[in-house]
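Structure first, commentary second.
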Amino acid sequence: MLKIRLRRTGARNQPSYRVVVADSRAARDGAFVDHLGHYNPRTEPPTLSIDEEKALKWIRQGAQPTDSVKQLLKTLGTLEKPEEQ
């Protein structure tokens, strides 16, 4: 099963994250299928950049967002967009 999840980057004690599509069995920072954007919680306000079209495409194909990514997508308003067939 594919998951849309955060992949940690950055130095020790200075985390930033990439939003990626990865196999659920892969390691947190392991192989991934597609890169959707990035998230930096250390800036004020937190920086969030996600390609919404790609994210919706992967969700339509069955990829499940993790709880943290689901919150980020709700913040952007991506999950409230109407389904386009």
Side-chain angles (χ1 to χ4, degrees):
M1 176 195 309
L2 291 176
K3 292 273 192 182
I4 301 175
R5 64 184 185 190
L6 297 175
R7 179 180 187 193
R8 190 183 192 280
T9 60
R12 184 173 15 151
N13 298 323
Q14 296 180 4
S16 62
Y17 300 91
R18 289 183 181 170
V19 181
V20 298
V21 178
D23 189 295
S24 61
R25 297 169 292 184
R28 178 192 70 182
D29 297 336
F32 62 94
V33 178
D34 199 4
H35 178 259
L36 303 179
H38 65 272
Y39 169 60
N40 186 355
R42 293 179 46 85
T43 60
E44 189 58 46
T47 305
L48 176 61
S49 172
I50 297 177
D51 186 343
E52 295 181 35
E53 286 185 28
K54 274 185 168 180
L56 288 174
K57 180 189 95 167
W58 281 109
I59 290 171
R60 281 189 221 110
Q61 290 181 2
Q64 298 292 315
T66 60
D67 293 338
S68 55
V69 172
K70 195 178 289 188
Q71 283 299 113
L72 295 175
L73 291 174
K74 283 182 183 178
T75 301
L76 287 177
T78 302
L79 292 181
E80 285 79 32
K81 295 196 179 202
E83 290 283 327
E84 297 162 11
Q85 301 291 329

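As the structure is a prediction and not an experimental result, all values here were calculated from the model. The figures that follow rest on heavy atoms only: side chains count, while hydrogens, waters and symmetry mates do not.
- Atom-to-atom distance recorded for Q71:CD and L48:CG is 12.0 Å, nearest 0.5 angstrom.
- In this structure, R25 CZ and L2 CG are separated by 9.5 Å, a value rounded to the nearest 0.5 Å.
- With hydrogens and angles disregarded, a donor-acceptor distance shorter than 3.5 Å links the side chain of D29 to the backbone of R8.
- Proximity of a side-chain donor or acceptor of S49 to a complementary backbone N or O of H38 within less than 3.5 Å is not detected.
- To the nearest 0.5 angstrom, T78 atom OG1 is 13.5 Å from K70 atom NZ.
- Closest heavy-atom contact between N13 and P15: C-CD, 3.5 Å.
- Atom NZ of K57 has more than 12 neighbouring heavy atoms from other residues, nucleotides or ligands inside a 6.0 Å radius.
- The shortest distance between side-chain heavy atoms of L72 and L6 falls below 4.5 Å.
- Interatomic distance, E52 CD to I59 CD1, rounded to the nearest 0.5 Å: 10.5 Å.
- Through direct or relayed side-chain contacts under 4.5 Å between Ile, Leu, Val, Met, Phe, Trp and Tyr, F32 connects to V20.
- Nearest heavy atoms, P41 versus P46: CA-CB, 4.0 Å.
- Shown here is R18, whose CZ atom has no more than 12 heavy atoms of other residues, nucleotides or ligands within 6.0 Å.
- The distance from atom CD1 of I50 to atom CG of L56, rounded to the nearest 0.5 Å, is 10.5 Å.
- Counting all heavy atoms, side chain and backbone alike, S24 lies closest to K3 at CB-CG, 3.7 Å.
- Summarising the geometry of A22 relative to A31, their closest heavy-atom pair is CB-O, 3.8 Å, with the distance given to 0.1 Å.
- Looking at heavy atoms from C-beta onward, R42 lies out of side-chain contact with S16 at the 4.5 angstrom threshold.
- Of all the heavy atoms in L36 and V21, the pair that sits closest is CD1-CG2, 3.8 Å.
- In plain terms, the two heavy atoms of I4 and A63 that are nearest each other are CG1-CB, 3.9 Å.
- In this structure, T66 contributes its side chain and R5 its backbone to no donor-acceptor pair below 3.5 Å.
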